[in-house]
Amino acid sequence: MGIRIYNTLTKKKEDFIPIEPGKVKFYLCGPTVYDYFHIGNARPFIVFDVFRRYLEYRGFDVTFVVNITDVDDKIINRAHRENRSPADVAEEFTRAYFEDLEKLRIRRATVHPKATEHIAEMIALIRKLEERGIAYRLNGDVYYNVEKFPDYGRLSGKKLEELQAGARVEVDERKRNPLDFALWKAAKPGEPAWDSPWGKGRPGWHIECSAMSMKYLGPDFDIHAGGEDLIFPHHENEIAQSCGAGSAQFARYWMHNGFLNIRGEKMSKSLGNVLTVREILKQISPEVIRLFFLQKHYRSPINYSEDILEETERAWRRLQNTYGELLQVENIPEDEFLAGKLPDRARAALQELAHHRSAFEEAMDDDFNSARAIGHLFEIVKLANRILAEGKPEGERAYVLSRIRKTLEGYDSFLSLLRKEESPATSGDFEKVMELLLEVRNSLRKKKLFDLADEIRSKLHEMGYQIEDRPDGSVWKKMS
RNA sequence: GGCGGCGUAGCCAAGUGGCUAAGGCGACGGUCUGCAAAACCGUUAUUCGGCGGUUCGAAUCCGCCCGCCGCCUCCA
């Protein structure tokens with residue numbers, strides 16, 4: 001059973017067949033580094049990070065490219081406003097971008113190319129388009145003539161005539177078609193500029209993705225992803241540029257994530273409702289943010305609110321709690337012989353695990369349906385808790401729990417939802433002192449000095465440690 | 001105006017022609033506990049925005065209506 005992907009280009013789910021068997025060439029539109037990225041920006045970063053790692057889990061060799069747009073109007077505007085250089089702004093927020101990625105447990109891409117380091121490639125691409133009569137010069141600018149590309153509008157499902165009818169009124173009259181877009185912009189005073197055959201200037205926004213994806217992935221590659229707002233014009237223009245310059249098809253599969261709304265509106269600077277990941281991470285742990293996105297299908301619109309995140313936090317706690325328990329169980333390696341001698345009860349549990357395993361992977365294979373997959377993940381959690389509740393985790397119970405733990409850890413290689421350090425630790429001075437404290441507290445409880453025992457518990461709770469008195473003894477956990 | 005999406009329990013959310021409509025949060029009852037916490041067991045949508053139609057059979061397909069949103073301009 002193979003992987004299926006909903007392709008924006010065909011508006012259908014298709015079997016995923018990579019150009020080169022076993023290898024996936026994958027491009028994601030990255031950030032424009034003019035500010036900290038917000039929770040809406042985080043969605044594609046997280047979901048496509050998981051998808052990339054899932055492809056690796058399924059055995060593909062993935063080359064993952066995520067660009068950094070470090071030359072752009074918004075960067076220049078901010079630099080002017082703050083009286084510093086655009087390069088300085090770009091550098092600050094590039095650094096911040098990587099810091100935030102790391103906090104969110106997003107793995108680095110294979111390459112993170114920067115636009116400013118690929119000016120030569122962009123110029124070469126524009127020259128090629130010019131040679132082929134697809135691009136034309138206009139007072140130091142260079143434009144792409146959309147009429148030269150018959151497929152223009154295919155990705156976004158728009159027709160050239162309709163687009164023209166709805167185009168903005170204030171168009172540059174000298175352009176051959178109102179939809180022609182800038183490949184190269186002539187330098188204006190105070191803007192970063194590079195030498196080119198057309199004089200000093202800077203590249204248009206769309207050309208960088210064409211140039212960098214083609215450089216690192218070749219003229220034709222497998223997957224191109226991004227937010228759904230990029231379908232038009234950005235991705236439409238990328239296709240036009242790349243195919244105009246010699247790609248047969250450019251990207252084969254186009255994946256677009258749905259938008260995140262806040263109070264029913266999209267998150268944007270102009271609406272003043274932007275919440276940066278940085279800000280949210282002060283309250284909420286990264287795993288919760290990941291789970292928040294993964295519990296929904298990547299193409300659906302989602303609503304952000306504090307309440308929903310708190311709800312997600314409680315769900316995440318359930319998952320983490322169980323994993324913490326599993327870490328306490330003796331790990332018994334997989335063993336065919338042992339497995340053959342298991343009693344029916346354990347055998348049934350393993351069968352249930354196998355069922356959820358295949359259902360989980362089936363869901364992930366089906367257009368990356370992480371929401372359905374997470375449902376099965378919680379079924380596995382329930383199974384683990386049921387076994388844990390049956391009695392001491394020894395013998396066949398430990399064997400089954402070990403299989404469950406391995407399953408969860410395998411999935412966590414791409415989900416990154418679990419924390420290893422949050423389990424009650426078993427070594428170190430701090431841990432020893434804590435054990436001692438719990439022993440003392442239990443003596444108090446035996447003597448029915450509950451006021452004192454409860455005070456210790458609530459004080460520890462205030463400090464961020466949770467105490468649980470279970471039938472087989474007391475345990476402590478670090479919270480959040 | 002053109003194009004597209006969405007509306008499933010108190011809330012979040014899968015499911016797109018046929019097994020009992022996943023899963024999570026919450027709530028309620030029970031088990032355990034000195035009390036909690038965690039966990040387990042059980043209950044919580046005879047029905048999928050509304051009205052018609054197609055079909056042996058529809059949340060799923062078609063039509064109309066109501067409500068919400070996105071894109072068409074920089075935007076994840």
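Lettering follows sequence order; numbering is per chain, from 1. All figures in this text were calculated on a predicted structure; none of them were measured in a lab.
Using a 4.0 Å heavy-atom distance criterion, Arg43(A) is classed as making no nucleic acid contact. Here Asn321(A) lies in heavy-atom contact (under 4.0 Å) with sugar-phosphate atoms only. If you check every strand for non-hydrogen atoms under 4.0 Å, Leu260(A) touches a base. Here Asn385(A) lies in heavy-atom contact (under 4.0 Å) with sugar-phosphate atoms only. When heavy atoms are screened at a 4.0 angstrom cut-off, His297(A) is found touching the sugar-phosphate backbone but no base atom. Residue Glu390(A) is classed as having no contact, given no heavy-atom separation below 4.0 Å to the nucleic acid. At the heavy-atom level, Thr322(A) lies nowhere under 4.0 Å from the strands shown. Here Phe259(A) lies in heavy-atom contact (under 4.0 Å) with a base.
Distances from the side chain of Lys382(A) to the nucleotides A39(B), C40(B), A76(B) place C40(B) closest. Relative to the side chain of Arg386(A), the nucleotides C41(B), C12(B), C69(B) differ in distance, and C41(B) lies closest. Here the side chain of Lys296(A) is nearest to one of G15(B), C74(B), C12(B), namely C12(B). Nearest to the side-chain atoms of Lys266(A) among the listed nucleotides G70(B), A22(B), G24(B) stands G70(B). Between A13(B), C40(B), A76(B), one nucleotide has an atom nearer to the side chain of Ala371(A) than all others, and that is A13(B).
Asn145(A) contributes no side-chain N or O that, together with a main-chain N or O of Asn177(A), makes up a donor-acceptor pair within less than 3.5 Å. With hydrogens and angles disregarded, a donor-acceptor distance shorter than 3.5 Å links the side chain of Arg441(A) to the backbone of Ala453(A).
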Contacts under 3.5 Å, N or O only, protein and nucleotides 32-36 of chain B:
{"residue": "G34(B)", "atom": "O6", "partner": "Arg445(A)", "partner atom": "NE", "Å": "3.0"}
{"residue": "G34(B)", "atom": "N1", "partner": "Asp454(A)", "partner atom": "OD1", "Å": "3.1"}
{"residue": "G34(B)", "atom": "N2", "partner": "Asp454(A)", "partner atom": "OD2", "Å": "2.8"}
{"residue": "C35(B)", "atom": "O2", "partner": "Arg457(A)", "partner atom": "NH2", "Å": "2.9"}
{"residue": "C35(B)", "atom": "N3", "partner": "Arg457(A)", "partner atom": "NH1", "Å": "3.1"}
{"residue": "C35(B)", "atom": "N3", "partner": "Arg457(A)", "partner atom": "NH2", "Å": "3.3"}
{"residue": "C35(B)", "atom": "N4", "partner": "Asp469(A)", "partner atom": "OD2", "Å": "3.3"}
{"residue": "A36(B)", "atom": "N6", "partner": "Asp469(A)", "partner atom": "N", "Å": "3.3"}
{"residue": "A36(B)", "atom": "N6", "partner": "Asp469(A)", "partner atom": "O", "Å": "2.2"}
{"residue": "A36(B)", "atom": "N1", "partner": "Asp469(A)", "partner atom": "N", "Å": "2.8"}
{"residue": "A36(B)", "atom": "N3", "partner": "Arg457(A)", "partner atom": "NH1", "Å": "2.8"}

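Aromatic pair Phe45(A)/Phe37(A): ring centres closer than 6.0 Å. For Phe98(A) and His112(A), the ring centers are positioned less than 6.0 Å apart. Ring centroids of Phe181(A) and Tyr143(A) are separated by 6.0 Å or more, keeping the two rings apart.
Looking only at atom types and distance, the side chain of His38(A) has a donor-acceptor partner in the side chain of Asn41(A) under 3.5 Å away. Side-chain polar atoms of Asn67(A) and Glu208(A) form a donor-acceptor pair below 3.5 angstrom. Between the side chains of Asn237(A) and Tyr152(A), at least one donor N or O lies within less than 3.5 Å of an accepting N or O. Side-chain contact of His376(A) with His355(A): a donor-acceptor pair under 3.5 Å is absent, judged by distance alone. There is a side-chain donor-acceptor pair under 3.5 Å between Ser416(A) and Arg53(A). Counting only N and O atoms by type, the side chains of Glu238(A) and Ser210(A) include no donor and acceptor under 3.5 Å apart.
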For this session: Give the B/S/- string for nucleotides 4-9 of chain B, one per nucleotide from 5' to 3', where a protein heavy atom under 4.0 Å of the base yields B, of only the sugar-phosphate yields S, and otherwise -.
Result: ------
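Of the options Lys25(A), Met212(A), His224(A), a side chain to side chain contact (heavy atoms under 4.5 Å, CB included) to Leu217(A) is made by Lys25(A) and by none of the others.
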Problem set entry | Intra- and inter-strand pairs of RNA chain B in dot-bracket (Watson-Crick or G-U wobble, both distances under 3.5 Å; | for another strand) | ((((((((.[[[..)..(....]]]((((((.......))))))....[[[[[..)....]]]]])))))))....
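Only the P atoms considered, C25(B) is 38 Å distant from C72(B), to the nearest whole Å. As rounded to the nearest Å, G15(B) and U73(B) have C1' atoms that lie 37 Å from one another. If you take atom P in C3(B) and the same atom in G10(B), they sit 36 Å apart, rounded to whole Å. Look at the P atom in both A27(B) and C69(B): the space between them is 31 Å, to the nearest Å. When the P atom is used for both U43(B) and C48(B), the distance is 22 Å, rounded to whole Å. On the P atoms, G52(B) is 29 Å away from A14(B), given to the nearest whole Å. Comparing G70(B) with G29(B), their P atoms are spaced 42 Å from each other, to the whole Å. Using P as the reference atom, C11(B) and G57(B) are 32 Å apart when rounded to the nearest Å.
If you take NE2 of His234(A) and P of C72(B), they are 13 Å apart, rounded to a whole angstrom. Residue Glu306(A) contributes atom CD, which lies 15 Å from atom C1' of C12(B) at whole-angstrom precision. Rounded to an integer number of Å, the gap from CD of Glu313(A) to P of A38(B) is 13 Å. With rounding to whole Å, Leu319(A) atom CG is found 11 Å from G24(B) atom C1'. Rounded to whole angstrom, the span from the CG atom of Asn303(A) across to the P atom of G70(B) amounts to 11 Å. Taking atom CZ of Phe293(A) as the reference point, atom P of A14(B) lies 14 Å away to the nearest angstrom. The nearest whole Å value for the distance from the NZ atom in Lys158(A) to the P atom in G70(B) is 15 Å.
Comment: Glu99(A) does not engage Arg95(A) in a salt bridge, judged by the lack of any side-chain N to carboxylate O separation of less than 4.0 angstrom.
Close to A14(B), at under 4.0 Å from its OP1 or OP2, lies a side-chain N or O of Ser300(A). Of the side-chain N and O atoms in Asn369(A), one or more sit less than 4.0 angstrom from OP1 or OP2 of G15(B). An OP1 or OP2 oxygen of A21(B) is reached within less than 4.0 angstrom by no side-chain nitrogen or oxygen of Arg372(A).
Relative ring orientation between Phe368(A) and Phe51(A) is described as tilted, the plane-to-plane angle lying within the 30° to 60° band.
Side-chain to base pairing of Glu311(A) with G24(B): one donor and one acceptor N or O lie within less than 3.5 Å of each other.
Nearest-nucleotide positions on RNA chain B for Ile374(A) and Gln466(A) put Ile374(A) closer to the 5' end.
Within residues 222-231 of chain A, the residues having any heavy atom under 4.0 Å from RNA chain B are, by residue number, Gly226(A), Gly227(A), Glu228(A), Asp229(A), Leu230(A).
Among residues two or more places apart in sequence or in another chain, the salt bridge (Lys or Arg N to Asp or Glu O under 4.0 Å) test is passed with Asp15(A) by Arg4(A). When the salt bridge (Lys or Arg N to Asp or Glu O under 4.0 Å) test is applied to Glu14(A), no partner is found at least two apart in sequence or on another chain.
Atom CD of Gln351(A) sits in a sparse spot, with 12 or fewer heavy atoms from other residues, nucleotides or ligands closer than 6.0 Å.
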